[in-house]
Amino acid sequence: MRLYDTLTAQKCELVPADNTVKMYVCGVTPYSPSHVGHAMSYVYFDVLRRYLEYLGYDVRHVQNFTDIDDKIILRAQQEGVTPTALAERYIADYFDSMDRLGIQRASAYPRATEEVPWMLDLISGLIAKGHAYPASGDVYFRVASFERYGALGHRKLDEMIAGARVERGAQKEHPGDFALWKAGKPGEPSWDSPWGPGRPGWHIECSAMSLRYLGEQLDIHGGGHDLVFPHHENEIAQTEAYTGKAPFSRFWAHNGLLTLGAEKMSKSLGNLVSAKDALDKFGPATLRLFFLGGHYRAPLAYSEENIEAQGRALERLRGALRSEESAPPSVLNQSKDQVDPEPFHQRFSDAMDDDLNTPQALAAMFDLAREINRGRETGRGVTVAQAALTELAGVLGLKLTEEKRDASADPFIDLLLQVRADLRTAKQYQLADSVRDRLVALGVSLEDSAQGTRWRYVGR
RNA sequence: GGCGACGUAGCCAAGUGGUCUAAGGCGGGGGUCUGCAAAACCCCUAUCGCCGGUUCGAAUCCGGCCGUCGCCUCCA
């Protein structure tokens, strides 16, 4: 498949060194509940992984938790809990939401606090090579020592400084230098180091973890577009300066950001909708379909109206998978002319091969759904096509089977349906329609056919 | 101020030189089916922000303008 690479700014053929794709995706800093923007980002990388696996690759997927940072410490102090307790709480929240979304678990989820020794090795190595220097308990990366600095963000060091919003530390040689290690402050968690007690800077954990769990060169390094600079830029500098090998990652994949209103959804702006709330309101499949309806690199605006519209679209896909009760199994025999899913399958693959074009892939699936419905009406066999549709949905992580639900009301609904059937037989249509209308008002949709009445819960 | 995206139907969203008289979804209109509905199927619902240029040919390339957003600071 072809995948867009932020560093080279073009789509390139993804050819892993061997059959295993090494993929590192930046995880969250767990100091607050995961929001819908996180959900979207990880759905995209989940689909990337699923498609690669569908293509036959093994994917070794590593994702970190940055469980030590200024905000975690601050929040923990405010709440009177330990930073670890706070982080674990939101890590649990993260898994909760992502599991509900059907995001496959990564191969490993290293936590920054458990990787400090490897970070110290890395920092020492950088100092030894002249790429970093200690300064009163801190250690900074010497940006000027890495000539490719700025390549990922496609900008030059001078241009960045010109913006003058760079934090100027008195001990820094260059305003663009960034902290690898921060001297400990009283009351904060700290680890012993050759430069005194302290804690890691923001970017170093990802370098250390990817080195440890995936090796010196990755196939794909991913994250939200807001991580391009400075986070990924700094990771490249640290890692390549340390290993002397480039590229650190063959592909840099960044998803567009989710916006709420006019601005991006972000913790610091406070314009959040939590992943949990969105899941409670719309369900995982609808939300996933909403995300995949746009291309992963394009920004997407959170809109309840548009998500609800995707819920109706999801019903359309699910409808195509419902078996035709009207036709007894004997009629649906294999010898019958079957709807051929192959052209749709091909369109799906072509779309996914082209930088994960999920909107186009979905279009092929909707067309296949129509073909199934059409085939059903003309008496053709659709089981093969339905199996194909289910398979393609699976590649996108979409569950098209009806969600498990409480069945305790079923006997009563069936009873009402029986009453209504009797009323219809007696041509008491007003009463019959009243029963139907009331059921619809309760979220139970009825469909009459020559073979009887089918009902289902709408939504989800 | 610097760097970079984007602007396609009522809404969302693909397409990025000719097959586009522009995919798909939602919504809307008309029809078939139905006691009526629902679901499904069929038909209809855009000339691609504006202006100029390149080209035999542009939504697709170039320039200008207007508008929106992102990054340059913690952030998926």
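Note on naming: letters A, B, ... go to the chains in the order of the sequence lines (proteins, then strands), and numbering restarts at 1 for each one.
Side-chain atoms of A/Q360 and A/H295 include no donor-acceptor pair closer than 3.5 Å.
Taking side-chain N and O atoms only, A/N306 has no distance below 4.0 Å to OP1 or OP2 of B/rC26. Taking 4.0 angstrom as the limit, A/R316 places a side-chain polar atom (N or O) nearer than this to OP1 or OP2 of B/rG25. Contact between the side-chain N/O atoms of A/K156 and the OP1/OP2 oxygens of B/rC72 is not found at any separation under 4.0 Å. Between B/rA76 and A/N255, no contact under 4.0 Å exists linking OP1 or OP2 to a side-chain N or O. Residue A/R370 has a polar side-chain atom (N or O) positioned under 4.0 Å from OP1 or OP2 of B/rG25.
Note: CG (A/N64) to C1' (B/rA76) measures 11 Å, nearest angstrom. The distance from atom NE2 of A/H231 to atom P of B/rC71 is 16 Å, rounded to the nearest whole Å. Look at CG on A/D177: it is 16 Å from C1' on B/rC72, rounded to the nearest Å. Between the NE2 atom of A/H232 and the P atom of B/rG70 there is a distance of 19 Å, rounded to whole Å. The separation between A/R199 atom CZ and B/rC74 atom P is 13 Å, rounded to whole Å. Here B/rG24 presents its C1' atom at 15 Å from CD of A/E371, a figure rounded to the nearest Å. Rounded to a whole Å, the CE atom of A/M365 is 15 Å from the C1' atom of B/rA23. Nucleotide B/rA5 holds its C1' atom 14 Å from the OH atom of A/Y296, rounded to whole Å.
Taking the 5.5 Å centre cut-off and the 30° plane limit, the aromatic side chain of A/Y42 is not classed as stacked on B/rA76.
The partner of B/rG24 is B/rC12, by the rule that a Watson-Crick or G-U pair needs both atom distances under 3.5 Å. Nucleotide B/rC71 is matched to B/rG2 when pairs are restricted to Watson-Crick or G-U wobble geometry with both distances under 3.5 angstrom. Base pairing of B/rA46 is not made with any nucleotide, judged by Watson-Crick or G-U wobble geometry with both donor-acceptor distances under 3.5 Å. Nucleotide B/rG7 forms a pair with B/rC66, judged by Watson-Crick or G-U wobble geometry with both contacts under 3.5 Å. Summarising the base pairing, B/rA59 is matched to no nucleotide, lacking a Watson-Crick or G-U wobble pair whose two defining distances lie under 3.5 Å. Nucleotide B/rA40 forms a Watson-Crick or G-U wobble pair with B/rU32, both donor-acceptor distances falling under 3.5 Å.
Side-chain atoms of A/L258 lie closest to B/rA76 of the nucleotides B/rA76, B/rG2, B/rG35. Checking B/rA76, B/rA39, B/rC36 against every side-chain atom of A/C26, the shortest atom distance belongs to B/rA76. Counting only heavy atoms from C-beta on, A/P359 has its side chain closest to B/rA13 among B/rA13, B/rC71, B/rC42. The listed nucleotides are B/rG70, B/rC72, B/rA14; the one nearest the side chain of A/R155 is B/rC72. Picking from B/rC74, B/rA23, B/rG2 the nucleotide with the shortest atom distance to the side chain of A/K71 gives B/rC74. For A/R374, whose side chain is taken as the heavy atoms from C-beta onward, the closest listed nucleotide among B/rC42, B/rA13, B/rA39 is B/rC42. In this structure, the nucleotide among B/rC42, B/rC26, B/rG35 sitting nearest to the side chain of A/R312 is B/rC26. The listed nucleotides are B/rA38, B/rU73, B/rG24; the one nearest the side chain of A/P230 is B/rU73. Each of B/rG24, B/rA76, B/rC26 was ranked by its minimum atom distance to the side chain of A/A313; first place goes to B/rC26. Considering only the side chain of A/R347, B/rA23 comes nearest among B/rA38, B/rG25, B/rA23.
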For this session: Output, in order, the C-alpha distance, side-chain angles, deciding distance and verdict of salt bridge (charged side-chain N to carboxylate O under 4.0 Å, His left out) for A/E315 and A/R312.
Result: CA-CA 5 Å; A/E315 281 305 310; A/R312 292 187 283 274; over 6 Å; no
For this session: Please step through ring pair (Phe, Tyr, Trp, His ring centres under 6.0 Å) for the pair A/Y109 and A/Y213, ending with a clear verdict.
Result: CA-CA 10 Å; A/Y109 285 100; A/Y213 292 91; over 10 Å; no
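At a cut-off of 3.5 angstrom, the base of B/rG35 holds at least one donor-acceptor pair with the side chain of A/R424. Between the side chain of A/N357 and the base of B/rG15, no donor-acceptor pair under 3.5 Å is found. For B/rC74, its base never sits under 3.5 Å from the side chain of A/D226 at any donor and acceptor pair. At a cut-off of 3.5 angstrom, the base of B/rC36 holds at least one donor-acceptor pair with the side chain of A/R436.
With C1' as the reference atom, B/rA40 and B/rU55 are 47 Å apart, rounded to whole Å. Across B/rU8 and B/rC50, the matching C1' atoms stand 15 Å from one another, rounded to whole Å. If you take atom C1' in B/rU47 and the same atom in B/rC36, they sit 42 Å apart, rounded to whole Å. Nucleotides B/rU16 and B/rC62, compared at atom C1', are 15 Å apart to the nearest Å. For the P atoms, the distance from B/rG64 to B/rC26 is 41 Å, rounded to whole Å. Comparing the same atom, C1', in B/rU45 and in B/rA9 gives a spacing of 8 Å after rounding to whole Å. Comparing B/rU21 with B/rA46, their P atoms are spaced 14 Å from each other, to the whole Å. Between B/rA59 and B/rG18, the distance separating the two C1' atoms is 13 Å to the nearest Å.
Only one option out of A/I72, A/T66, A/D70, A/I73 pairs with A/Y31 in a side-chain contact (heavy atoms from CB on, under 4.5 Å); it is A/I72. Checking each of A/R199, A/K182, A/Q77 against A/E188 for a side chain to side chain donor-acceptor pair (under 3.5 Å) leaves exactly one that passes, namely A/R199.
Of the two residues contacting RNA chain B, namely A/N373 and A/Q310, the nearest-nucleotide position lying further toward the 5' end is that of A/Q310. Along RNA chain B, the nucleotide closest to A/A432 and the one closest to A/D69 are compared, and the more 5′ of them pairs with A/A432.
A/D367 comes within 4.0 angstrom of sugar-phosphate atoms only, judged by non-hydrogen atoms across all strands, and of no base. Among the heavy atoms of the strands lying under 4.0 Å from A/R420 is at least one base atom, whether or not backbone atoms are also near. Using a 4.0 Å heavy-atom criterion, one finds that A/G222 contacts no nucleic acid atom at all. Using a 4.0 Å heavy-atom cutoff across all strands shown, A/S445 reaches sugar-phosphate atoms only and no base atom. Heavy atoms of A/L227 sit under 4.0 angstrom from primed sugar atoms or phosphate atoms, though from no base atom.
Close placement of the A/F248 and A/H221 rings is indicated, their centers lying within 6.0 Å of each other.
Taking the six-membered ring where tryptophan is involved, the planes of A/W455 and A/Y457 are perpendicular, since the angle between them exceeds 60° and thus also 30°. Using the six-membered ring where Trp is involved, A/Y302 and A/F282 have ring planes that are perpendicular, over 60° apart on the 30 and 60° scheme. Using a 30° and 60° split on the angle between ring planes, A/F178 and A/F141 fall in the parallel class, below 30°. Between A/H232 and A/W252, the angle of the ring planes lies from 30° to 60°, which puts this pair in the tilted group.
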